[in-house]
Amino acid sequence: MIDHPNPTRRSLLIGAAALASASGLAAGVSPALARAPFARTQPAYFYRFPLGKAQVTMVSDGTLALGKPSDTMKGMSEAEIAQALTDNFLPTDSVVLEQNIALVNMGNRLIMFDSGMGFSKAFGTTTGRLMRSLAEARIRPEQIDDIIITHAHIDHIGGLATERGRRLFPNATIHISKVDHDFWTDEAKQSDRTLGLFVRHARANLLPYRDRIKWVTGGQEVVPGVQAVNAPGHSVGHTIYLIESDGKKLAFTGDVTHHQILLTERPRTEFAYDSDPKQAVDTRLRVFDMLSKDRIPMLAFHFPWPGHGYLGRTGPETFRFFPAPMSIG
């Protein structure tokens, strides 16, 4: 005969709960869920901060997938690329870039810098968000007076017009380097296997504004408070811009660098989409030297959102990007 110990109150309660749970599941009753379901929304894709007496609004055209890192980053081995990405807690199988578009309200005019991919889905379905982002920021396309373009690559001029050639910014003047405009809208290049896609998209977006284009020259004041700086290499007429208000400066750097680690901490790494990779490296080092030495904050078009921060020198030819803390309030 087996002796059973006297059951305690706790063991009786546990057993009762288990039986109740089992009988409930058997009867088809669902287990209890958390009080709050998973959220399906994200914050709007814009961010504002002051620059002197001006106001900067960052909006996004969405993320842009470049694919395998070694396909676009040249001069580093696959092992070096993987180590650099791993050390910075980034995936090693794919590079994904942001598209950070800046709007600067000077008080008497509203200026937009670059425009994203627009209707082209050549780099994935997550691009083409500009108009939605502007709406989230409560900026109407007709309010924009000037659109200043760093270069005519597909992801910088793509958001200017619809696929049918309708201007999306009816009151805007387009400012762009003539050499870059002419290179990327050259009709003869449309059938080129390498350049054709970029040329066709540039023509679709720039030609509708042919009567509203002003040419940009390095060293000139494009509009009051915005100075052009020649930065060729990534494209033949690539130009960056120094924005100033009430003594405060900010650099919109376009595609001087595409990646906050691979092309910034190792700036001699070459990028597959550069028109002249050697010249692009020289330009990158020159611009990085200026930004770090003069402590000028930058807006990087392809860096993690919203791309606002500083460059610090870590060696003779090495740098680090320090994101500026976002201030929301």
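Along the sequence shown, residues are numbered consecutively beginning with 1.
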Handout entry: Aromatic centroids of H259 and H302 separated by under 6.0 Å
Key = no
Exercise for the section: Indicate yes or no: does E136 engage R132 in a salt bridge with an N to O separation below 4.0 Å. Expected result: yes
Practice task
Could you check L64 against E98 for side chain to side chain contact (heavy atoms under 4.5 Å, CB included), going step by step and ending with a plain yes or no?
Solution key: CA-CA 6 Å; L64 185 155; E98 289 280 354; over 6 Å; no
Practice task
Assess whether side chain to side chain contact (heavy atoms under 4.5 Å, CB included) is satisfied between S94 and K68, documenting all intermediate values.
Solution key: CA-CA 5 Å; S94 178; K68 186 179 177 183; over 6 Å; no
Exercise for the section: List for me each residue that meets ring pair (Phe, Tyr, Trp, His ring centres under 6.0 Å) alongside F321, sequence neighbours excluded, and say none if there are none. Expected result: F303
Practice task
In plain terms, say whether D186 and K189 are close enough for a salt bridge, that is, a side-chain N and a carboxylate O under 4.0 Å apart.
Solution key: yes
Handout entry: R129 charged N/C atom sitting above Y45 aromatic ring, 6.0 Å / 45°
Key = no
Completion exercise
Sorted by chain and number, sequence neighbours left out, side-chain contact (heavy atoms from CB on, under 4.5 Å) with T318 holds for T314
Handout entry: Any pair counted as ring pair (Phe, Tyr, Trp, His ring centres under 6.0 Å), so long as it reaches residues 59-112, sequence neighbours left out
Key = none
Practice task
Please assess R313 against K293 for the test side chain to side chain contact (heavy atoms under 4.5 Å, CB included), listing each intermediate value before the final yes or no.
Solution key: CA-CA 8 Å; R313 185 184 291 276; K293 184 170 62 178; over 6 Å; no
Problem - Ring centroid separation H153 to F198 under 6.0 Å - result: yes
Handout entry: Option from T185, I174, I149 for which side chain to side chain contact (heavy atoms under 4.5 Å, CB included) with I157 holds
Key = I149
